[in-house]
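Residue numbers count from 1 along this sequence.
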Amino acid sequence: MINNKKVLAIIPARGGSKGVPRKNIKLLAGKPLIFYTINEAKKSKYIDKVVVSTEDAEIKKVALSCGAEVIDRPQELAEDLATTPDTMIHVVETLEKKEQYKPDWTILLQITTPFRTVEDIDKALELMDKGK
């Protein structure tokens with residue numbers, strides 16, 4: 001944790017991608033695309049909770065097998081017009097209600113950036129902590 005802050009990583013993973021169907025679990029170098037984001041987030045020295053938000057049963061199964069927690073996303077937050085901020089708010093409110101977990105910071109990690117490293121994530125959080 002940075003200065004004893006609770007840091008939540010939110011990974012949105014909608015099942016109904018229009019551009020590349022099922023992209024979140026398509027294989028890249030033999031592993032599902034979602035694996036890379038979950039794996040790097042779990043390595044962070046600052047992130048204490050890694051949560052995938054999805055409405056899709058197959059994505060949920062893969063995310064759990066990769067070591068993430070999963071929050072079931074309501075269908076209305078999985079439609080084309082649903083926003084990422086609304087999805088993030090849903091995750092935070094669900095965790096607070098079900099687990100009394102309230103993060104100090106949240107970090108959004110998109111699955112479509114598979115080459116982002118834990119060093120990138122931690123450096124971004126350090127810069128944020130310094131007000132940059």
Side-chain angles (χ1 to χ4, degrees):
M1 285 192 230
I2 297 177
N3 295 326
N4 295 318
K5 288 180 174 66
K6 289 189 245 175
V7 180
L8 167 65
I10 299 175
I11 303 169
R14 214 168 53 114
S17 171
K18 297 250 190 256
V20 181
R22 315 298 297 154
K23 72 179 172 201
N24 295 319
I25 53 176
K26 285 214 180 278
L27 297 183
L28 174 67
K31 295 187 171 127
L33 187 61
I34 195 172
F35 164 83
Y36 297 96
T37 297
I38 293 169
N39 189 52
E40 294 304 301
K42 288 178 59 73
K43 291 180 192 175
S44 171
K45 58 187 168 189
Y46 304 122
I47 294 171
D48 61 284
K49 191 177 276 288
V50 177
V51 175
V52 171
S53 169
T54 189
E55 85 297 353
D56 186 276
E58 189 176 6
I59 292 173
K60 179 178 181 174
K61 181 179 174 184
V62 172
L64 290 169
S65 74
C66 292
E69 296 180 42
V70 175
I71 297 288
D72 293 318
R73 188 188 307 194
Q75 191 59 45
E76 65 267 15
L77 291 178
E79 303 296 329
D80 287 343
L81 297 178
T83 68
T84 299
D86 286 341
T87 297
M88 293 178 73
I89 290 166
H90 174 260
V91 169
V92 171
E93 288 176 347
T94 299
L95 289 171
E96 186 173 7
K97 183 178 178 182
K98 289 185 175 181
E99 301 177 18
Q100 291 70 54
Y101 175 86
K102 188 166 176 100
D104 297 295
W105 289 354
T106 60
I107 183 169
L108 171 67
L109 298 175
Q110 299 283 17
I111 294 169
T112 51
T113 311
F115 303 116
R116 168 202 333 99
T117 66
V118 66
E119 291 82 15
D120 297 329
I121 294 167
D122 284 351
K123 183 67 174 175
L125 290 166
E126 289 164 4
L127 288 171
M128 190 169 137
D129 189 51
K130 292 177 184 173
K132 297 182 180 183

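A donor and an acceptor atom, one from each side chain of Arg73 and Ser53, are located under 3.5 Å apart.
Separation of atoms OG1 (Thr84) and CD1 (Ile89) is listed at 11.0 Å; rounding is to 0.5 Å. Separation of atoms CD (Glu40) and CD1 (Ile11) is listed at 11.0 Å; rounding is to 0.5 Å. We find the CG-CD1 distance between Asp122 and Ile47 to be 7.0 Å, quoted to the nearest 0.5 Å. Atom CG in Leu109 sits 6.5 Å away from atom OG1 in Thr37 (nearest 0.5 Å). Note that CG of Leu64 and OG1 of Thr54 are 10.5 Å apart. Values are rounded to the nearest 0.5 Å. In this structure, CG in Asn4 is found 9.0 Å from CG in Asp104, a value given to the nearest 0.5 Å.
Taken together through direct or relayed side-chain contacts under 4.5 Å among Ile, Leu, Val, Met, Phe, Trp and Tyr, Leu77 and Val70 form parts of separate hydrophobic clusters. Leu108 and Ile121 fall into different hydrophobic clusters, where Ile, Leu, Val, Met, Phe, Trp and Tyr residues are linked whenever their side-chain heavy atoms come under 4.5 Å apart, directly or through other members. When hydrophobic clusters are built by joining Ile, Leu, Val, Met, Phe, Trp and Tyr residues whose side-chain heavy atoms come closer than 4.5 Å, directly or via intermediates, Val52 is grouped together with Val62. Ile111 and Ile59 fall within the same hydrophobic cluster, defined by Ile, Leu, Val, Met, Phe, Trp and Tyr side-chain heavy atoms under 4.5 Å apart, directly or through other members. Hydrophobic clustering keeps Val51 apart from Val7 (ILVMFWY residues linked when any side-chain heavy atoms are closer than 4.5 Å, directly or through intermediates).
For Glu99, the side-chain contact (heavy atoms from CB on, under 4.5 Å) criterion is met by Lys49, Glu69, Leu95, Tyr101, not counting sequence neighbours. Thr94 pairs by the side-chain contact (heavy atoms from CB on, under 4.5 Å) definition with Ile71, His90, Lys98, not counting sequence neighbours. The side-chain hydrogen bond (donor to acceptor under 3.5 Å, both in side chains) test applied to Glu126 returns Tyr46, not counting sequence neighbours. With sequence neighbours excluded, no residue forms a side-chain hydrogen bond (donor to acceptor under 3.5 Å, both in side chains) with Gln110. Listed by chain and residue number, Arg22 satisfy the salt bridge (Lys or Arg N to Asp or Glu O under 4.0 Å) test with Asp56 (two or more places apart in sequence, or in another chain). Partners of Glu96 by salt bridge (Lys or Arg N to Asp or Glu O under 4.0 Å), not counting sequence neighbours, listed by chain and number: Lys102. Residues forming a salt bridge (Lys or Arg N to Asp or Glu O under 4.0 Å) with Lys42 (at least two apart in sequence, or on another chain): none. Among residues two or more places apart in sequence or in another chain, the side-chain hydrogen bond (donor to acceptor under 3.5 Å, both in side chains) test is passed with Asp129 by Asn3. The side-chain hydrogen bond (donor to acceptor under 3.5 Å, both in side chains) check on Thr117 picks up Glu119, Asp120, with sequence neighbours excluded. Partners of Lys60 according to the salt bridge (Lys or Arg N to Asp or Glu O under 4.0 Å) rule, which considers only residues two or more places apart in sequence or in another chain, are Asp72.
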(request) Go through Val92 and Thr106 one step at a time and tell me if the side chain to side chain contact (heavy atoms under 4.5 Å, CB included) criterion holds. (result) CA-CA 9 Å; Val92 171; Thr106 60; 3.8 Å; yes
In residues 23-36, what donor-acceptor pairs under 3.5 Å come from side-chain atoms, sequence neighbours left out?
{"residue": "Asn24", "atom": "ND2", "partner": "Arg14", "partner atom": "O", "Å": "2.9"}
{"residue": "Tyr36", "atom": "OH", "partner": "Leu28", "partner atom": "O", "Å": "2.5"}

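Shown here for Gly15 and Glu55, the closest heavy-atom pair between the two residues is N-OE2, 2.9 Å.
Side-chain contact between Leu8 and Ile107: absent, with no pair of heavy atoms (C-beta onward) separated by less than 4.5 Å. Annotation: side chain of Met128 is in contact with side chain of Trp105 (closest heavy-atom distance under 4.5 Å).
Using a cutoff of 4.0 Å between basic side-chain nitrogens and carboxylate oxygens, Glu58 and Lys61 are not scored as salt-bridged.
The hydrophobic cluster around Leu81 extends to none of the other residues, as no ILVMFWY side-chain heavy atom falls under 4.5 Å of it.
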